[in-house]
Amino acid sequence: LPRRQQTIPATIDWSLQLLGQAERELFVQLGVFSGPASLEMIEQVGVLPADTSVVDALSNLVDQSMVRRVPGPAGSARFVLLELLREHARELLAERTDADAIARRHAEHVAALCEHVDERKWIELSDRWIDVMAELLGEVRSAYHWAQTNHDEVLAGRIVASLGAYWHRSGYDREARAWVASALAGAGSFGPLLEARIELAGGLAEWDRDLLAARAHLEKAAAAFRALEQQRHLAFSLAMSAGTHISDRDGYQSAMAQCDEAIELARRVGEKPLIAQALNVRGELARVHGEDDTARAA
């Protein structure tokens, strides 16, 4: 066979040479992604020559079967390299002098996306934030690994702080606890709000394993959010901290008082999913305590 057909990397390289400079650049940069990526992510992370359209370059890669277009949530498009193509793109990327800059842009964009989802889960993403975060998980792990490897504690901490609610709902407890422990070990480099959000994530990560450990994290978070006047985060922390008393009869009254404060704060903030979360904890505490009418009302 011709040399270009003797190995898969040679075949890929030959195919790339048939494309323009922009398509070759974009193909290599797509190696930074772990799975399907939206057009917005590709535009944010990739850098092409001046006056070059990412859309045009990506369309040409799709037309040449170098990139696959796959369906994303709600009919949106995602773009992905097949595994052998991704492996070769990563090899080519590693040879570039700007490889680290591309990886940093990817990690920073993923951290910002995680923060956006965590912020908006009480508002317009309340019905789908878990699915959005699940789709991002491969990129999240890649971004976190890059931040850890490059000793960027703040970037890693931002990612950890945004994952607490997702871990609580979806599992990954062992991974969650390891990430939180690593983040808290470098807490001196964080501002008070980020440190409080990491404590909140720690409480949610510990929830299914050790309620006392979860309570310790959540109480630290609540105290910090109160000092910072962060009403939304304070309401959530108080409600979840109250929930750690689910089997603690001696702490029932104080837990119900915490729930009442959380409900009042949530109503002040005005976000219905947050109000519902606090009410649900109150109802479950009352149900386990045997007060069925109080539970039913909540």
Side-chain angles (χ1 to χ4, degrees), residues 4-5 7-49 52-96 98-117 125 128-147 149 155 159 162-163 166 170 172 175:
R4 67 174 185 267
Q5 295 178 1
T7 67
I8 290 176
T11 301
I12 298 171
D13 286 333
W14 176 76
S15 299
L16 287 172
Q17 293 309 311
L18 300 178
L19 300 172
Q21 177 67 19
E23 286 78 10
R24 292 196 295 271
E25 284 279 331
L26 185 59
F27 174 83
V28 173
Q29 293 178 33
L30 287 174
V32 78
F33 293 102
S34 297
S38 66
L39 175 60
E40 178 192 8
M41 289 184 72
I42 294 169
E43 289 179 322
Q44 290 292 324
V45 173
V47 176
L48 295 184
T52 302
S53 166
V54 171
V55 173
D56 290 345
L58 190 59
S59 297
N60 289 337
L61 287 170
V62 171
D63 290 343
Q64 298 301 317
S65 300
M66 301 295 286
V67 172
R68 291 187 65 187
R69 176 179 172 141
V70 296
S76 59
R78 295 292 184 267
F79 300 91
V80 64
L81 295 173
L82 293 177
E83 190 57 36
L84 289 172
L85 290 165
R86 182 185 295 116
E87 287 178 7
H88 194 56
R90 285 180 173 171
E91 291 171 356
L92 295 173
L93 181 60
E95 297 171 359
R96 293 171 55 126
D98 62 346
D100 201 53
I102 293 169
R104 173 173 286 280
R105 284 199 301 274
H106 173 267
E108 289 178 343
H109 183 64
V110 170
L113 278 176
C114 288
E115 289 170 333
H116 174 77
V117 174
L125 293 180
R128 60 190 185 280
W129 68 270
I130 295 177
D131 293 337
V132 173
M133 195 65 84
E135 186 194 19
L136 278 175
L137 200 54
E139 307 306 328
V140 168
R141 288 185 172 124
S142 293
Y144 178 79
H145 176 71
W146 184 89
T149 301
L155 186 56
I159 293 170
S162 301
L163 289 177
Y166 177 74
S170 304
Y172 306 106
E175 179 180 63

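Numbering starts at 1 and runs along the sequence shown. Both backbone and side-chain heavy atoms feed into the values below; hydrogens, waters and symmetry mates do not. Since the model is a prediction, treat every value here as computed from it, not as a measurement.
- Of all non-hydrogen atoms in L19 and M66, the two that sit nearest each other are CD1-CG, 4.2 Å.
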Report task. Kindly indicate, with the supporting measurements, whether the criterion side-chain contact (heavy atoms from CB on, under 4.5 Å) is fulfilled by I130 and S170. Result -> CA-CA 8 Å; I130 295 177; S170 304; 3.9 Å; yes
Output a table of donor-acceptor pairs, distance under 3.5 Å, between side-chain atoms of residues 80-88 and any protein atom two or more places apart or on a different chain; print 'none' if there are none.
from: E83; atom 1: OE1; to: R86; atom 2: NH1; distance (Å): 2.6
from: R86; atom 1: NE; to: F33; atom 2: O; distance (Å): 3.3
from: R86; atom 1: NH2; to: L81; atom 2: O; distance (Å): 3.2
from: H88; atom 1: ND1; to: E91; atom 2: OE1; distance (Å): 3.2
from: H88; atom 1: NE2; to: D13; atom 2: OD1; distance (Å): 2.8
from: H88; atom 1: NE2; to: D13; atom 2: OD2; distance (Å): 3.4

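- Contact check for R105 versus Q44: no side-chain heavy atoms found under the 4.5 Å cut-off.
- Of all heavy-atom pairs spanning A143 and A107, the tightest one is CB-CA, 3.6 Å.
- Just one of V55, V67, L26, V32 meets the side chain to side chain contact (heavy atoms under 4.5 Å, CB included) condition when paired with I42; it is L26.
- The distance from the CG atom of L48 to the CD atom of Q29 is 6.0 Å, given to the nearest 0.5 Å.
- Here the side chain of R78 pairs no donor or acceptor atom with the backbone of A37 at under 3.5 angstrom.
- Residues S34 and R141 form no side-chain contact, since every pair of their non-hydrogen atoms from C-beta on lies 4.5 Å or further apart.
- Contact of the V140 side chain with the C114 side chain is registered, since non-hydrogen atoms from C-beta on lie closer than 4.5 Å.
- The shortest distance between side-chain heavy atoms of L155 and E108 falls below 4.5 Å.
- Nearest heavy atoms, H106 versus S142: CE1-CB, 4.1 Å.
- Ring geometry for W129 versus Y166: interplanar angle over 60°, hence perpendicular rather than tilted (30 to 60°).
- Interatomic distance, CG of L163 versus CG of L137, reported as 7.5 Å (0.5 Å rounding).
- Taking the side chain as every heavy atom from C-beta outward, E139 and M41 approach each other to under 4.5 Å.
- With sequence neighbours left out, the side chain to side chain donor-acceptor pair (under 3.5 Å) criterion links D100 to W146.
- Counting only heavy atoms from C-beta outward, the side chains of V70 and F79 never approach each other to under 4.5 Å.
- Taking the side chain as every heavy atom from C-beta outward, V28 and E95 never approach each other to under 4.5 Å.
- Residue H116 holds its NE2 atom at 10.5 Å from NE2 of H109, rounded to the nearest 0.5 Å.
- For residues 16-42, the salt bridge (Lys or Arg N to Asp or Glu O under 4.0 Å) pairs, not counting sequence neighbours, are E25-R96.
- To the nearest 0.5 Å, the span separating CG on L92 from CG on L30 amounts to 12.0 Å.
- Side-chain contact between L113 and V132: absent, with no pair of heavy atoms (C-beta onward) separated by less than 4.5 Å.
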